[in-house]
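As structure tokens, the structure follows; a few thoughts come after it.
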Amino acid sequence: DNIVRTFAKHPTGTSIRALTLVTLPTLLLYALNRDDEEYQELDSWEKDMNWMIPMGGWEFVKIPITVK
């Protein structure tokens, strides 16, 4: 509900904010992780709910994906 109202009041600003804060980091991490075997073996729910930043080996930094 809040997202719809925000888009209705400020469509351009909200679109730019969504693009820069969610879409770009997601695309960059996709390019970084798409061929990583360790990343591919992680649980799907974990990859869907978090940005997984590889730190080498099996270590990943998890950053929850949230939109406010």
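Scope of the values below: all heavy atoms of this structure, side chains included, with no hydrogens, waters or symmetry mates.
- The salt bridge (charged side-chain N to carboxylate O under 4.0 Å, His left out) analysis of residues 27-36, with sequence neighbours excluded, yields no pairs.
- Its side chain within the 4.5 Å cluster rule, L42 clusters with Y39, M52, F60 among the Ile, Leu, Val, Met, Phe, Trp and Tyr residues.
- Among residue pairs with one or both ends in residues 24-33, those qualifying as side-chain hydrogen bond (donor to acceptor under 3.5 Å, both in side chains) are T26-W51; sequence neighbours excluded.
- In this structure, I16 stands alone, with no Ile, Leu, Val, Met, Phe, Trp or Tyr side-chain heavy atom under 4.5 Å from its own, directly or through other members.
- In this structure, the side-chain contact (heavy atoms from CB on, under 4.5 Å) partners of L32, at least two apart in sequence or on a different chain, are L29, P54.
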Compile the donor-acceptor pairs under 3.5 Å between side chains in residues 3-12 and protein atoms, sequence neighbours left out, one pair per line.
unit_1: R5; atom_1: NE; unit_2: D1; atom_2: OD2; d: 3.3
unit_1: R5; atom_1: NH2; unit_2: D1; atom_2: OD2; d: 3.2
unit_1: T6; atom_1: OG1; unit_2: N2; atom_2: O; d: 2.8

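- In this structure, the side-chain contact (heavy atoms from CB on, under 4.5 Å) partners of D43, at least two apart in sequence or on a different chain, are W45, E46.
- In this structure W58 satisfies the side-chain hydrogen bond (donor to acceptor under 3.5 Å, both in side chains) test with no other residue, sequence neighbours excluded.
- Every side-chain contact (heavy atoms from CB on, under 4.5 Å) that V61 has, sequence neighbours left out, goes to I53, M55, I63.
- The salt bridge (Lys or Arg N to Asp or Glu O under 4.0 Å) search around E38 returns none, not counting sequence neighbours.
- For T14, there are no side-chain hydrogen bond (donor to acceptor under 3.5 Å, both in side chains) partners, not counting sequence neighbours.
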